> 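If you scroll down you'll find the structure; I have some questions about it.
Lettering follows sequence order; numbering is per chain, from 1. From a predicted model like this one, the values you see are computed outputs, not experimental measurements.
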There are 2 protein chains.
Amino acid sequence: MTASRAMQGSGKVRPGTRQKVVDAAQRLDYIPNLAAGTLATNASHLVAVILPNLSNSIFADTLQSISDSLRDSGYQLLVGYSDNSPQIEESLVRTFLSRRADAIVLTGHMHSEHTNALLKNADIPIVEMWSVSEEPLGACVGISNFDAAYSMTDYLCRKGHKSIAFIGGLLENNDRTQSRLHGYRAALKDHALPVDEQLIRDVPFEFEDGSLAMRELLAVGRKIDAVFAASDILALGALLECNRQELSVPGDIAVAGFDDERLASLIKPSLTTIGVPRSAIGSKVADIVLSTLRGEPVEERVFDMGFSLVERESA
Amino acid sequence: MTASRAMQGSGKVRPGTRQKVVDAAQRLDYIPNLAAGTLATNASHLVAVILPNLSNSIFADTLQSISDSLRDSGYQLLVGYSDNSPQIEESLVRTFLSRRADAIVLTGHMHSEHTNALLKNADIPIVEMWSVSEEPLGACVGISNFDAAYSMTDYLCRKGHKSIAFIGGLLENNDRTQSRLHGYRAALKDHALPVDEQLIRDVPFEFEDGSLAMRELLAVGRKIDAVFAASDILALGALLECNRQELSVPGDIAVAGFDDERLASLIKPSLTTIGVPRSAIGSKVADIVLSTLRGEPVEERVFDMGFSLVERESA
DNA sequence: AGCAAAAATGGTACCGGTATCATTTTTTTG
DNA sequence: CAAAAAAATGATACCGGTACCATTTTTGCT
């Protein structure tokens, strides 16, 4: 018992005794068994994070920032990728609970019914990130994807575009792209522009899919003077397809993206897009988790970190 | 005991009994405690992965691919970022051992002495990735950074370049960039070209650092006709700086990168670079880990996954 | 049916920490 | 210096699974 107290530093142990213990530990190459500690205290010092994937670098940035903020507090990251599947997400949540994660961070607020039930019963901090929601399970840190998409569409309208297409990424099970689509529709409506369902494309999140969607849009035969893609990757794909078809951007077609990935500013023409405070989201998430675990009650539940419209050359 | 056997599926339990147990578990919202299991069996079903960071998307790709390959086997990912610091790496290894990770995957083979000792004593699979090494701690999956850099430098020489600069990223504690620098030196030597230390720059891995390095190189006053950067991000920074200084690429200066990130093919001029099988590395790593854990002895210890020289416009 | 063999089930100890409370040692105080 | 108070140390149970072995039940066979 004294050894235990000496090692974890908290309890009252005479300095001399502590030293003896530490020396012995050193000499014996002692490696504590955190599983035993977890079993005894029901605290794992693990923060579980569920992301859709990592190939999309925006999530990598957020994860990095969560990790950075957590490092000094002795928490480790347990990471899972849901691949946008509520089933996979559910099974991840189940294992994370089994591991007695001290907190669970999820992306978005579309979960299976079971997942919701599990998370509600779990007596640990739950944080949903990337989209703000009126009724988060626990806390919630993100931006209003609706407002951001509305702003961008509004911006395109004000620039005089009349026929604006939308390329969404995996709308099913993805509240972020869904909200963006809603924002797009709402803005068109407010500008008294018709919503042409033919100009709305739902494709996966890869670069090539952006090109494909663009090709399909051009094949529809309508006159299109702008394209708003729900992610920079898709926008880039679209942009490249325009190049191939010798359409000038933004002359013939304006192209706008979402996320402000690094490459958005590097390509020609540089991409007009929505800037999202990816790292700020991550550190806020970590803040909330840490505060809650320390027992400091977090006053607010919903944190809107705000977005920015980054005006560049493409639109 | 019977319940335990019924739940984890392995033992011999009559189907009827198993059903009863499963039903009861369902009814009681039973959530197993993996910490207890870990304590009892000394197996955590955790695979720990240490990466330098995630902002560099190449590691994200590898991580994603490890995760994908591991998913079906019921292993979870414990992720840590070392920020290229051997001290942080050591403390990560320590915690991972404390957590009784079933395997540890590290990036590169430059570790602190203590880390090496810890890993050698740990009786679990150890895999080092991204660089091949003659004497890996356990197994090792990667490419020869030396050969790749040699090839690229050789390629530049054959194109007639006489004065080739090198931009490295954080050479200290990074065997990948170090080997690349060695490859560069060796190739120059074989082409009987002098190595000008003034033309070798060591900067952090960020985009802006590439521009900075380029600016410094141009300020040196030597005639430079090619630049080889140890990563695409740096190469891009350099390329942009050339744009700003109105130097044509590859006309005035050729620029080559390393990694073949997605944006390498998207910018103008597209970037000549070294293609690295990032995902293949990840799945090979997972393969090795899984085989070893299953007790199938892995015959080889070093897996060279090969690179490719991707010739594009910039060089 | 009766018995042996096989299969299923159950009792108990144990994994390695920590909480709790009892005991011992040290410090303070009169 | 003794007694009281405070601090440090230690004994024990417990966290919730699994390994091992003993016991019970089922199955197969004559």
> Can you tell if the side chain of B/Leu92 reaches within under 4.5 Å of the side chain of B/Tyr81, non-hydrogen atoms only?
no
> Is it the case that C/dG16 (base atoms only) and B/Arg100 (side chain only) share a donor and an acceptor within less than 3.5 Å, ignoring hydrogens and angles?
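It does not, because no donor-acceptor pair links the side chain of B/Arg100 to the base of C/dG16 below 3.5 Å.
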> Expressed in angstrom and rounded to an integer, what is the separation of A/Asn33 atom CG from C/dG17 atom C1'?
7 Å
> Tell me which nucleotide among D/dC15, C/dC15, C/dT20 gets nearest to the side chain of A/Met1.
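Of the candidates, C/dT20 comes closest.
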> Which listed nucleotide (C/dG10, D/dT9, C/dG17) is nearest to the side chain of B/Arg5?
C/dG10
> What's the CZ-C1' distance between B/Arg18 and C/dT9, to the nearest Å?
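Atom-to-atom, B/Arg18 to C/dT9, this comes out as 13 Å.
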> Once you apply a heavy-atom cut-off of 4.0 Å, does A/Thr17 come out as touching a base, just sugar-phosphate, or nothing?
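The residue A/Thr17 makes sugar-phosphate contact but no base contact.
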> Roughly, in whole Å, what's the span from NZ in A/Lys12 to C1' in D/dA8?
10 Å
> Tell me which nucleotide among C/dG16, D/dG16, D/dA11 gets nearest to the side chain of B/Ala40.
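Looking only at side-chain atoms, B/Ala40 lies closest to D/dG16.
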> To the nearest Å, give me how far apart CG (A/Leu39) and P (C/dC14) are.
17 Å
> Between A/Thr115 and A/Glu89, is there a side-chain donor-acceptor contact under 3.5 Å, judged purely by atom types and distance?
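There is no such pair (donor and acceptor under 3.5 Å, judged by atom type) between the side chains of A/Glu89 and A/Thr115.
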> When the distance from CD1 of B/Ile31 to P of D/dG16 is rounded to whole Å, what number comes out?
12 Å
> Would you say that A/Gln76 contacts B/Thr95 through its side chain, given a criterion of any heavy-atom pair below 4.5 Å between the two side chains?
yes
> Identify which nucleotide among C/dG17, D/dG16, C/dT9 has an atom closest to any side-chain atom of B/Val13, counting heavy atoms from C-beta outward.
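Of the candidates, C/dT9 comes closest.
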> Reading DNA chain D from 5' onward, which residue's closest nucleotide shows up sooner: A/Thr2 or B/Thr41?
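Mapping each residue to its closest nucleotide by heavy atoms, the 5'-most match is A/Thr2.
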> Using whole Å, what does the distance between atom P of nucleotide C/dT9 and atom NZ of B/Lys20 come to?
9 Å
> Counting side-chain heavy atoms from CB outward, which of C/dC21, C/dG17, C/dG10 is closest to A/Ala36?
C/dG17
> Picking from A/Asn84, A/Asn174, A/Asp83, what satisfies side-chain contact (heavy atoms from CB on, under 4.5 Å) with A/Pro52?
A/Asn84
> Can you work out whether B/Pro15 or B/Asn42 has the more 5'-proximal nearest nucleotide on DNA chain C?
B/Pro15
> Grab the CZ-P distance between B/Arg14 and C/dA6 for me, whole Å please.
17 Å
> Is there side-chain contact between A/Leu77 and B/Leu78, with heavy atoms separated by less than 4.5 Å?
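A/Leu77 vs B/Leu78: side chains apart.
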> Starting from C1' on D/dC15, measure out to CG on A/Leu34 and report it in whole angstrom.
15 Å
